[in-house]
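Accompanying notes for the structure given below.
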Amino acid sequence: MARYLITSALPYINGVKHLGNLAGSMLPADVHARFRRMQGHEVLFICATDEHGTPAELAAAELGVSPRAYCDQFHDIQRKAGEGFGLSFDWFGRTSNPPNHRLTQHLAEALEGNRLLEERTTRQVYSNADKRFLPDRYVEGTCPFCFYENARGDQCDNCGALLDPVQLKNPRSKISGSSDVELRDTAHLFLLQSKMQEQIRAWVDRAEGWPSLARSIAYKWLDEGLIDRSITRDLAWGVKVTKDGAPRQGFDDKVFYVWFDAPIGYIGATVEWAEGKGGNWERWWRTDKGAADVTYVQFMGKDNVAFHTVSFPVTIIGSGEPWKLVDRLKAFNWVTWYGDKFSTSQRRGVFMDQALELLPGDYWRWYLMANAPESSDAAFTWEQFKDTINADLANVLGNFVNRIMKFAETKMGGVVPMEGEPGPLENELYEDLEERLARISDFHDQMEFRKAAAETRSLWVRGNEYLQLAAPWTALKTDPVRAAMVVRTGLNLCALFAATAFPFIPESAQAIRDGLGLKGDPAWPLGAKLFELVSPGAPIAVPPVLFRKIEDADVAAWSERFGGG
RNA sequence: GGUGGCGUAGCUCAGUUGGUUAGAGCGUGGGAUUCAUAACCCCAAGGUCGGUGGUUCAAUUCCACCCGCCACCA
């Protein structure tokens, strides 16, 4: 038995997440966590909302509520959406909660103690009307290169030039629209990443269990040279800047940059878990306090790889303290909407809460994992969604369970038949199943989700094939003992299918197990027990149809409502 | 603009450390069956592996350039 610490990239608080966010980190992390638990390993699965930063502050202001109230509301919405999809977090925390504040301040002070933090004065755009410094993206003005009038402070959308806000002509605040702005000196804390260059490179050199993509991204940043960057911002909403445990002089109106405190939220949420459930968080995060044998697995979108392989490691390695570092890492591309990006404003795409209004979480879970954006962006289309659900879930899995269980109910007295011994057909099936299970296990172990799903489906197909060859409906007329054997085998297959389905579609798997009278959570099936999953003589109850088919009319209605098509 | 990724059957994707007939699922066509959600099972058709050039006895697989799409650029 091993120990796995699993984290999903933290969803930002700003609104409900869409299916791409779900598919790119939270869902695969959940599938993996469930698989590891089934294997009997000790798993701690942690996630949280990432709540600080300018977008949250501005979104709250637009609604006329405090950032705290805004975050309270959306944390709750996101937590409920996650529950609706069966995400089995051991804790779903918040970066705005006290543990993360304490840890962020602690790590910053540790970095300062190691001479890795430095105060520097920079010139930034200050808005007199808004009485605040403006982040790059909230300064607009005329591009100095192409004279486009609505260039943003970080980049000109017209000519693509990368800009510094001080370069803009006629700068104005995007918040108030006021052009009463000026340049002011302001102090910020810089993290001296350049000093950590060699240590980080040595760590990356030693890292195993990363995909080549993650490695090359990390090396690219290292080859270009890590540069010192500001880790504070002129905002009110965030983690206050301290020195020696007291407010830091001159930083009253500043907080840590969201990208500094967000990944620390992985640890902060684990502390929340420990406080809430009485666990020991240091046993998972401090290698001097029991975490040395933990395998830490991170899930994230591709855009986050650099932060997880370089930026965050700078923070925790630079602290000089024995924190647990990532061991294995899985990155995803995006799910796209008919090949384009998801877009709220254009009413394009499906968001987590809306998806659950249409169909139960399992339908989405299966589709998103069977078509996971692993090697490149993956397009979501209603047509493909319909085909995948109907073929894989309704026809192959759902119908198998239904056909054999109904047969057992009507022809075998509603119990697991006791008679008969395995014949050549069963022996062949048995060998085949063992091989397939090993392959599925291997794909889960490698976190190859598409392949794991495809192989799982193929296992279900094998069950239908067996039933077709064994034909209990024929055997019933000529050899009832043989028919009993086949039905018992079929019911064992149901239990096996429920187990293999469990990481992907836990609710449906549970429904199958309930029908078979199986208690508790399923364990990952092992060869010797394949045909002993259900007890001869045990009563069974046919579950309601597991998956309804998606009709053309559904596709038409959903396309109308959500766009696409 | 720079860097990286991708471009393989109608659709979604595997694969090829260069080597006889390039694979899967869906969709399509045919067959078989009737236990089941008109489901399942079997068979078949279908691809000059983005384009051009190069290296090689041999390239879809290596190299160069080009085209298209995507991501990142602190």
Side-chain angles (χ1 to χ4, degrees), chain A residues 24 136 145 154-155 159-162 190-191 193-194 211-231 257 259-260 301-307 310-311 314 331-334 336 338-341 367 370-381 383-412 443 448 450-451 453-455 457-458 460-477 483 486-487 490 542-551:
Chain A
D136 294 359
F145 302 105
D154 56 342
Q155 184 170 19
C159 69
L162 295 178
F190 277 70
L191 178 58
Q193 298 194 114
S194 54
S212 56
L213 180 66
R215 246 190 156 64
S216 66
I217 289 175
Y219 279 127
K220 175 177 170 274
W221 277 43
L222 289 163
D223 290 344
E224 289 176 0
L226 300 184
I227 68 166
D228 305 334
R229 65 177 188 133
S230 166
I231 59 163
Y257 183 31
W259 257 112
F260 182 74
K302 191 170 65 171
D303 58 325
N304 266 342
V305 170
F307 293 100
V310 178
S311 304
V314 165
F332 288 83
N333 292 279
W334 301 123
T336 61
Y338 289 83
D340 288 329
K341 289 181 180 176
Y367 175 86
N371 298 287
E374 287 181 302
S375 60
S376 61
D377 290 353
F380 178 96
T381 67
E383 293 74 12
Q384 201 193 337
F385 179 66
K386 165 179 174 281
D387 288 344
T388 300
I389 296 306
N390 289 354
D392 297 355
L393 297 186
N395 293 348
V396 173
L397 176 61
N399 182 56
F400 177 86
V401 171
N402 190 246
R403 70 194 292 205
I404 189 66
M405 288 190 73
K406 266 196 178 158
F407 192 85
E409 184 184 59
T410 56
K411 306 292 197 330
M412 296 286 161
F443 287 138
E448 295 265 16
R450 270 184 117 111
K451 290 179 181 173
E455 196 62 38
R457 180 205 129 90
S458 142
W460 302 338
V461 169
R462 185 64 179 83
N464 279 303
E465 188 189 331
Y466 164 77
L467 217 52
Q468 207 66 24
L469 291 171
W473 45 90
T474 304
L476 194 61
K477 297 167 188 163
V486 173
V487 171
V542 184
V545 167
L546 290 169
F547 307 100
R548 82 166 178 91
K549 288 198 190 189
I550 297 171
E551 310 292 340

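None of the values given here were measured: they were computed from a predicted structure. Per chain, numbering begins at 1; letters A, B, ... match sequence-line order.
Taking atom C1' in both B:rA24 and B:rC49, one finds a spacing of 16 Å when rounded to whole Å. Separating the C1' atom of B:rU33 from that of B:rC41 is a span of 8 Å, rounded to the nearest Å. Nucleotides B:rC62 and B:rU17 place their P atoms 10 Å apart, quoted to the nearest Å. B:rU60 and B:rG51 have their C1' atoms separated by 14 Å, given to the nearest Å.
Annotation: the span from A:N399 atom CG to A:N464 atom CG amounts to 6.5 Å, rounded to 0.5 Å. Atom NZ of residue A:K549 and atom CG of residue A:N390 lie 6.0 Å apart, to the nearest 0.5 angstrom.
The aromatic rings of A:F385 and A:F380 sit tilted, their planes meeting at an angle between 30° and 60°.
The base of B:rA36 has none of its N or O atoms less than 3.5 Å from a complementary donor or acceptor on the side chain of A:N402. For a distance-only test at 3.5 Å, the side chain of A:E465 fails to qualify as a donor-acceptor partner of the base of B:rC41.
Comparing A:L397 and A:N333 by the nucleotide of RNA chain B that holds the closest heavy atom to each, the one mapping nearer the 5' end is A:L397. Where A:Q384 and A:D392 each meet RNA chain B at their nearest nucleotide, the meeting point lying more 5' is that of A:Q384.
To the nearest angstrom, C1' of B:rU12 lies 16 Å from CG of A:N390. When rounded to the nearest whole Å, the span between OH of A:Y466 and P of B:rC35 equals 17 Å. Rounded to whole Å, atom C1' of B:rC26 lies 14 Å from atom CD1 of A:I550. Between the CD atom of A:Q468 and the P atom of B:rC40 there is a distance of 10 Å, given to the nearest Å. For A:M405 and B:rU37, the CE to P distance is 14 Å, given to the nearest whole Å. If you measure from atom NZ of A:K386 to atom P of B:rU37, you get 19 Å, rounded to the nearest angstrom. Between A:N464 atom CG and B:rA38 atom P the separation is 14 Å, expressed in whole Å. Distance CZ (A:R403) to C1' (B:rU34): 9 Å, rounded to an integer number of Å.
With B:rU37, B:rU12, B:rA74 as the choices, the nucleotide that has an atom nearest any side-chain atom of A:R450 turns out to be B:rU12. If you check B:rC13, B:rU37, B:rA39 against the side chain of A:N399, the one that comes closest is B:rA39. Comparing B:rG25, B:rA74, B:rG15 against the side chain of A:R457 picks out B:rG25 as the nearest. Among B:rG15, B:rA36, B:rC13, the nucleotide with an atom closest to any side-chain atom of A:K451 is B:rG15.
Using N1 to N3 plus N6-O4 or O6-N4 for Watson-Crick, or N1-O2 and O6-N3 for G-U wobble, each under 3.5 Å, B:rA58 pairs with nothing. Shown here, B:rG25 forms a base pair with B:rC11; the pair counts as Watson-Crick or G-U wobble because both key distances fall under 3.5 Å. Remark: B:rU17 base-pairs with no nucleotide; criterion is Watson-Crick or G-U wobble with both hydrogen-bond distances under 3.5 Å. For B:rG47, there is no paired nucleotide, since no Watson-Crick or G-U wobble pair has both relevant distances below 3.5 Å. The partner of B:rG2 is B:rC72, judged by Watson-Crick or G-U wobble contacts that both fall below 3.5 Å.
Residue-level contact check: A:F547 touches the bases, meaning some heavy atom is under 4.0 Å from a base atom. At the heavy-atom level, A:R548 lies nowhere under 4.0 Å from the strands shown. Across all strands shown, A:L546 has heavy atoms under 4.0 Å from base atoms, whether or not it also approaches the sugar-phosphate. At the heavy-atom level, A:G490 lies nowhere under 4.0 Å from the strands shown. Using a 4.0 Å heavy-atom cutoff across all strands shown, A:V461 reaches sugar-phosphate atoms only and no base atom.
The phosphate of B:rC40 (OP1 or OP2) has a side-chain N or O of A:N395 nearer than 4.0 angstrom. In terms of phosphate contacts, A:K549 brings a side-chain nitrogen or oxygen within less than 4.0 Å of OP1 or OP2 of B:rA39.
Evaluation of A:W473 against the base of B:rC35 yields a stacking contact (centre distance < 5.5 Å, interplanar angle < 30°).
Under a 3.5 Å cut-off, the side chain of A:E374 and the backbone N or O of A:R450 do form a donor-acceptor pair.
With no hydrogens or angles considered, a side-chain donor-acceptor pair links A:N371 and A:Q384 at under 3.5 Å.
Here the shortest heavy-atom pairing between A:V396 and A:W460 reads CG1-CB, 3.5 Å.
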